[in-house]
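This report concerns only the one structure given below.
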Amino acid sequence: MVVANRLPVEIGADGTLSASPGGLASALSSIIRPGTQWVGWGGPQSGTAAAFDYGDVRLHPVSLSADEMSKYYDGFANAILWPLFHGRLRRVELNRVWWRSYRAVNERFARAVTAVAPLGATVWVHDYHLLLAPAMIRAKRPDLRVGLFLHIPFPNVQLFSMLPWRREVIEGMLGADLVGFQVADDVANFVAAAERLVDARAGDRLLLDGSHSVAVDAFPISVDFAQWDALGHRATDEARAIREELGDGTVFLGIDRLDYTKGISQRLQAFGELINEGRLDATSCTFAQVAVPSRSDVVAYQDERSEVEALIDAVNVRHRRDDGSLPIRYMATSLDEVAMTAWFRAADALVVTSLADGMNLVAKEFVAARSDLGGVLVLSEFAGAAQDLEGALIVNPYDIEAVKRAFVAVTEMPPAERTSRMTSMRAAVERHDVHHWARSFLERLDSVTPARGRGGLADKLAAIRRAGRLHDRKE
Ligand code: F6P
């Protein structure tokens, strides 16, 4: 079973289905096997939709009220955990009212899982929306094997300790048998927090209360290489059309959710300064920025949008060309995978300047789509992807001069160097694609569970019966 805040599809008011936004839903969609059950929210219009089959997968929508959307999703998840875990302290709003809603919604997800999970099933919980759910699931159904994967960074213990509910959150996560993170730093931060805040003992596993042991490790997520590679091959004509429209100058590309962690302002500032200084040609170079509207009921996201758009206006007003075209092409919309791939193939460089980022799957999608071996990746050292993609031009996004140097390097890079950098990055993504990620996590979960010493099937059934959940069923 998969458990995530969102189902793979959003359910419209009239029952129509559309792909859910975000890298998590698309990454998970490529790895689920027939027979999987997926528990998640169906989007703002989904109401109280009943379970239904979507292809080979059974979807169980969890309904959320408008009040819960505001307190659990906009509030606790996206105005407390998201900024805190990304080190954006200025954006953290420690509103105490939101905690109760976060706990109640986690409880609802846990109940939705335990009501339908087959005996002994593997349950894979995802991301920061559901950090309490593993312990809640385990308490109700000790027969289940529970994994948790955090898609975003885990902060260092000093930062994490700001959270008034820090113990409850750690205890919730430690309900899992395996907790997975993107990179080794996150693992170290989590282990330190568990040792300090709940007295867990660290050995090869974290040991809690002297009995429940939890494996913790890094599993860097990836993309479906074959799928993006195939999309790339098919996008040649659309990419050529984009290039014809934009002309011969260097084309830089950014594709992000409009989020203050993505460093969109930093990259646009670097681009603006370079054209002001005449180091990039204002009459021919373009920065194409796709900014997908996201979490727009959260004030910090509204502020970010205003800041980014003000910066774009300043550059474009100053450098508007005689034919009316603009150096920054701004698209405040989401693109489907085909349109994204056309932009990937048209660009000279993809620019990822996240200030903090669990992985950044767009960077890996770009690499997988560039079977032509063209295109340079400018990549923040603070994105998890920087640890997998050595062929990128790695930058500190806070260092605007360094970002500018990387942009100039893109314009000067000999084709042979582009090819060799892209070849090495493609090999890395192909070797460690999303299937490898899922396999590694699930195999580890499989291998660590028996060691927990829960005994055999009879013990599990007894435990469930004691907890009153099989009272009216025949064995
Ligand atoms: O891990 C980042 C994440 O929250 C994912 O859960 C999701 O795929 C993406 O960002 C989009 O966010 P949201 O679900 O808030 O639109």
Side-chain angles (χ1 to χ4, degrees), residues 2-11 18-32 38-46 61-62 64 68-88 91 98 102 105-106 109 124-131 133 148-155 180-183 186 219-224 255-262 290-302 304-305 332-335 337 340 352 354-365 382-385 434 437:
V2 166
V3 194
N5 177 54
R6 287 185 188 271
L7 290 172
V9 285
E10 277 205 2
I11 307 167
S18 57
S20 284
L24 183 154
S26 89
L28 289 182
S29 299
S30 24
I31 53 111
I32 45 180
W38 186 320
V39 173
W41 177 59
Q45 316 285 334
S46 57
V62 174
L64 298 176
E68 285 165 340
M69 278 309 294
S70 150
K71 292 175 179 159
Y72 145 79
Y73 173 78
D74 291 331
F76 201 85
N78 287 318
I80 296 181
L81 294 180
W82 179 269
L84 181 66
F85 282 29
H86 287 87
R88 312 285 91 208
R91 312 285 194 176
W98 295 338
Y102 184 77
V105 170
N106 270 253
F109 272 79
W124 194 358
V125 181
H126 291 266
D127 230 356
Y128 61 101
H129 313 87
L130 299 173
L131 297 181
L148 169 68
F149 185 77
L150 185 68
H151 291 250
I152 66 174
F154 193 87
F181 296 91
Q182 299 280 22
V183 296
D186 303 325
F219 300 87
I221 194 171
S222 192
V223 298
D224 190 336
I255 302 186
D256 312 80
R257 281 185 307 100
L258 211 171
D259 192 300
Y260 52 81
T261 61
K262 301 292 182 185
V290 178
V292 182
S294 179
R295 308 171 190 167
S296 41
D297 290 332
V298 180
V299 174
Y301 286 76
Q302 296 160 7
E304 176 67 8
R305 182 168 189 157
T333 179
S334 69
L335 299 183
E337 289 165 348
M340 260 173 90
V352 175
S354 316
L355 306 177
D357 211 333
M359 178 53 59
N360 199 288
L361 291 178
V362 177
K364 292 187 173 180
E365 289 163 357
F382 303 117
V434 71
W437 168 74

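Since the model is a prediction, treat every value here as computed from it, not as a measurement. Residue numbers run from 1 in the order of the sequence given. All values below come from the heavy atoms of this structure, side chains included, with hydrogens, waters and symmetry mates left out. Indexing begins at 1, ligand by ligand and atom by atom, following the structure's order.
Distances from atom 11 (C) of ligand 1 to the heavy atoms of Arg257, His151, His129 show the closest one on Arg257. Among Leu24, Asp74, Asn5, Leu81, the residue whose heavy atom sits closest to atom 8 (O) of ligand 1 is Leu24. For atom 4 (O) of ligand 1, the nearest non-hydrogen atom from the set Arg295, Arg6, His126 comes from Arg295.
Taking the six-membered ring where the residue is Trp, Trp437 and Phe149 present perpendicular rings, their angle passing 60° and hence far from 30°. Between Trp41 and Tyr73, the angle of the ring planes lies from 30° to 60°, which puts this pair in the tilted group. Aromatic ring orientation, Phe181 versus Phe154: perpendicular (interplanar angle above 60°, classes split at 30° and 60°).
Between Ile221 and Gln182, the shortest heavy-atom distance links the atoms N-OE1, 3.1 Å.
Scanning all protein heavy atoms for the shortest distance to atom 6 (O) of ligand 1 gives Asp127 OD2, 2.9 Å. Protein heavy atom at the shortest distance from atom 13 (P) of ligand 1 is Tyr73 OH, 3.4 Å.
On a distance-only criterion, Trp82 and ligand 1 share no N/O pair closer than 3.5 Å.
Each of the atoms 1 (O) of ligand 1 lies under 4.0 Å from some heavy atom of Ile152. Atom numbering of ligand 1 starts at 1 in the shown order; those under 4.0 Å from a heavy atom of Tyr128 are 4 (O).
At least one donor-acceptor pair closer than 3.5 Å links the side chain of Gln302 to the backbone N or O of Ser296.
Cation-pi geometry between Arg295 and Trp82 is met: under 6.0 angstrom from the ring centre, within 45 degrees of the axis.
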